Chemist: 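Dropping the structure in here first, questions after.
All ligand and atom numbering here is 1-based and tracks the order in the structure. Here, residue 1 is the first one in the sequence, and each next residue gets the next number. In this text, all values refer to a predicted model and were calculated from it rather than measured experimentally.
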Amino acid sequence: MKHINKLFVLAGLASAALYGCTQPGNNTQEKEMDEFISGLMDKMTLREKLGQLNLPAGGDLTTGTVQNSNLAEMIRKQELGGFFNVMSVEKIRELQRIAVEETRLGIPLVVGADVIHGYQTIFPIPLALACSWDTLATERMAQISAKEATANGIAWTFSPMVDICRDARWGRIAEGNGEDPFIGAMMARAYVRGYQGENLHESDSSMMACLKHFALYGASESGRDYNRTDMSRVQMLNEYLPPYQAAVKAGVGTVMTSFNTINGVPATADKWLIDDVLRKQWGFKGMIVTDYNSIAEMEIHGVAPLKEAGIMAMNAGTDMDMVAQSFLNPMEEAVNEGKVSKARIDEACRRVLEMKYKLGLFENPYKYCNVERAQTETYSEANRAEARRIAAETFVLMKNENQLLPLAMKGRIALIGPMADAANNMCGMWSPTCDPSRHSSLLERLRAATKGKAEILYAKGSNVYYDAGMEAGAVGGRTLQRGDNQKLYAEAMAVASRADVIVAAVGECAEMTGESASRTDIRIPDAQRHLLEGLVKTGKPVVVLLFTGRPLDLTWESEHVPAILNVWFGGSETGDAVADVLFGKTVPSGKLTTTFPRTVGQLPLYYSQTTTGRPDGDPTTFNRFMSNYIDCPNDGLYPFGYGLSYTTFEYGEMKLSSETLPKGGNITVTVPVKNTGNYDGTEIVQLYIHDQYADIARPVKELKDFRRITLKKGESQAVTFTLTEDDLKYYNADLVYKYDAGAFQVMVGPNSRDVQSASFNAE
Ligand code: BGC
């Protein structure tokens with residue numbers, strides 16, 4: 001206790017009002033922090049400094065083959081700056097006690113975890129959240145996640161993940177915001193604001209965010225996880241890096257490097273990206289941590305053995321090593337051999353200590369271990385109500401023939417499919433802290449919602465896949481009980497024959513998405529597809545409730561099933577949220593931030609393509625010597641920005657304030673939107689631009705703004721957007737950020753396909 005008392009008093013004096021994260025509130029506060037840390041570092045040996053740079057895994061959850069163990073022993077030897085993925089507040093408190101009371105300097109540990117879309121109150125997966133286009137809802141979900149996680153010992157979350165992804169084969173598309181840099185940047189800011197709040201230092205219910213994966217992990221070749229990325233700098237800067245930059249601008253405290261190589265260079269040792277772009281150009285002042293064992297994986301990439309890899313990563317500007325332990329013994333040797341400067345180690349150590357200081361850990365190392373708060377504020381009624389509301393906003397109505405939805409609460413409704421009664425499956429990937437035994441299944445909540453009004457019949461209907469081995473691989477640790485393929489099908493048909501309407505809960509199971517879950521066949525798995533065919537053959541109306549973490553090929557379903565409601569993985573409150581939307585209490589408003597392809601053969605696919613010299617003229621037929629496919633149109637089945645409502649919105653003619661965007665000025669674009677249907681509803685009005693002649697070929701359409709408006713039935717609103725020259729800028733082949741004077745198109749519409757267009761001239 002002796003040393004730490006002194007540390008706390010000093011830190012307390014120094015930091016009483018340290019606001020924000022990467023930018024402390026003012027120079028005085030920053031100076032106080034610097035002085036405190038300099039004072040502490042003066043007392044530290046090289047070994048103690050290196051210890052701060054080591055981040056072992058806690059062992060409650062591992063995401064690789066390598067595991068670190070015996071945390072207590074490592075703490076006593078001062079061989080770590082923190083740890084991650086220990087899922088018990090009591091355990092964390094005890095480990096913190098050892099650090100504070102049983103080490104020479106008593107430096108507190110920082111405790112991280114993957115709190116990705118909720119702690120115990122689980123929200124929809126991030127891809128779904130993005131489809132709400134509701135940045136405030138995303139911010140709110142991050143706030144609630146922080147509130148619950150910080151009570152349970154966690155001060156640092158490895159979120160947000162902002163990797164742009166345009167290839168549905170990649171399982172981790174579920175973890176990001178989709179294909180578009182503009183919506184990606186909006187969401188990135190919302191996560192950071194929500195997790196870190198206004199005053200990280202003072203608050204005990206905000207946590208530090210970690211932007212990941214820096215960078216370009218979402219462009220993994222062939223959609224295969226951990227694969228390389230090869231990309232021009234022009235494409236990086238224009239299309240893939242903006243969300244990371246937005247998070248940095250929003251003050252994100254830490255950044256995680258990615259597993260992949262970029263143009264052959266492992267991201268963890270990419271000096272250009274880390275030092276030039278992130279640090280120098282974007283001014284990032286926080287701490288940079290590697291991904292899980294990334295430094296050791298540089299050996300397997302064939303770049304360098306562990307010690308050399310550590311040196312490369314350190315010299316590129318990485319500060320903390322997750323799991324590989326290369327910054328400990330090997331780094332001590334490297335420093336003694338003069339291969340890494342003491343100044344670089346000091347810089348890295350300072351960043352780790354600054355992080356702890358900004359979190360207020362020096363004043364109170366137990367700040368994030370509040371057992372009482374853990375009990376009252378985790379999975380509370382209020383948090384769950386928010387999760388339910390937000391989940392309903394993320395659902396995307398893909399098809400609704402003859403207004404089959406919403407369903408009337410009457411008669412017999414058959415709920416059929418392997419996702420219908422699987423409470424442990426609703427939360428989706430990366431929800432290690434959730435306790436599915438507390439959640440009700442969809443079946444249970446639909447029965448509760450319709451009690452006394454309609455009868456909900458149920459049959460599981462099928463396994464996930466026919467093949468047990470395939471299913472074991474896909475389902476992993478979660479238990480979706482298997483049954484006999486034929487018996488399940490026969491039961492489903494018997495139940496369906498008694499129903500007035502059929503709701504088929506089918507799709508991917510949670511473990512088929514997220515990390516290490518790449519697929520080459522992105523259709524609904526075989527057994528469920530055949531189940532669906534059987535259900536459609538009954539001639540009764542069928543609604544598909546689609547569970548998925550990626551865009552799927554829904555070609556067959558879109559032709560044969562009258563209604564498709566994509567509910568992604570909606571989190572712990574999925575059951576209630578689905579009931580709300582299915583029966584019309586909530587009108588769906590989600591719109592896709594990822595294109596749904598017609599076939600896996602189109603991937604990668606995204607709306608903001610550039611035009612070839614031979615654009616496809618007629619999508620209904622194959623055109624030789626034009627840029628198209630013999631066997632499939634170019635465009636997706638459901639475009640970016642697409643989603644239906646129970647009501648209808650009519651767009652009037654758009655008007656520009658002028659045909660010229662003057663230098664340094666702006667033009668406004670106004671479009672009247674009217675709710676012409678029978679429900680109050682929310683519409684997401686989207687604005688795109690196209691640069692007609694530029695230094696390099698530019699996308700046919702780029703999202704530049706949107707409004708989320710709620711209109712009562714019959715109500716109209718004039719939606720106005722303002723465009724300035726900043727909206728027109730891009731990086732040219734010389735990496736100069738500029739815009740071109742000349743002709744532009746501006747497009748407005750309910751999605752990226754159905755737009756009206758006008759022209760203007762930029763001066
Ligand atoms: C993932 C990261 C995650 C880390 C720690 C890795 O496998 O790529 O996103 O934060 O594990 O669990």
Chemist: Does Tyr217 reach ligand 1, in the sense of a heavy atom lying below 4.0 Å from it?
Modeler: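 The answer is no, since Tyr217 has no heavy atom less than 4.0 Å from ligand 1.
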
Chemist: Under 4.0 Å from ligand 1, counting heavy atoms only, is it the side chain of Met256, its backbone, both or neither?
Modeler: side chain

Chemist: Kindly say whether the aromatic ring centers of Trp282 and Tyr244 come within a distance under 6.0 Å.
Modeler: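 Not close enough - the centres of the two rings lie 6.0 Å or further apart.
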
Chemist: Which of the numbered atoms in ligand 1 are under 4.0 angstrom from any heavy atom belonging to Lys212?
Modeler: 2 (C), 3 (C), 9 (O), 10 (O)

Chemist: Distance from Gln245 atom CD to Leu241 atom CG, nearest 0.5 Å?
Modeler: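 So the gap between those two atoms works out to 8.0 Å.
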
Chemist: I'd like to check whether Trp430 has a polar contact with ligand 1, where a contact means an N/O of the residue lying under 3.5 Å from an N/O of the ligand.
Modeler: no

Chemist: Looking at Arg344 and Glu347, is there a salt bridge between them, counting it only when a charged N and a carboxylate O are closer than 4.0 Å?
Modeler: yes

Chemist: State whether the number of non-hydrogen atoms from other residues, nucleotides or ligands found under 6.0 Å of Arg228 atom CZ is greater than 12.
Modeler: no

Chemist: Please determine whether the number of non-hydrogen atoms from other residues, nucleotides or ligands lying under 6.0 Å from atom CE of Met470 exceeds 12.
Modeler: no

Chemist: Should you measure from each heavy atom of Phe84, which atoms of ligand 1 turn up under 4.0 Å away?
Modeler: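 By the 4.0 Å cutoff, the relevant atoms are 5 (C), 12 (O).
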
Chemist: Does an N or O from His213, backbone or side chain, lie closer than 3.5 Å to an N or O of ligand 1?
Modeler: yes

Chemist: Ring centroid separation for Tyr606 and Phe640, is it under 6.0 angstrom?
Modeler: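 No, they do not, as the ring centres are separated by 6.0 Å or more.
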
Chemist: Report the member of Asp225, Asp291, Thr157 with the shortest heavy-atom distance to atom 2 (C) of ligand 1.
Modeler: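 Shortest heavy-atom distance from atom 2 (C) of ligand 1: Asp291.
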
Chemist: Closer than 4.0 angstrom: is that true for some heavy atom of Arg172 and an atom of ligand 1?
Modeler: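 Yes.
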
Chemist: Considering only heavy atoms, which of Ile116, Asn85, Val323, Asp114 lies nearest to atom 3 (C) of ligand 1?
Modeler: Asp114

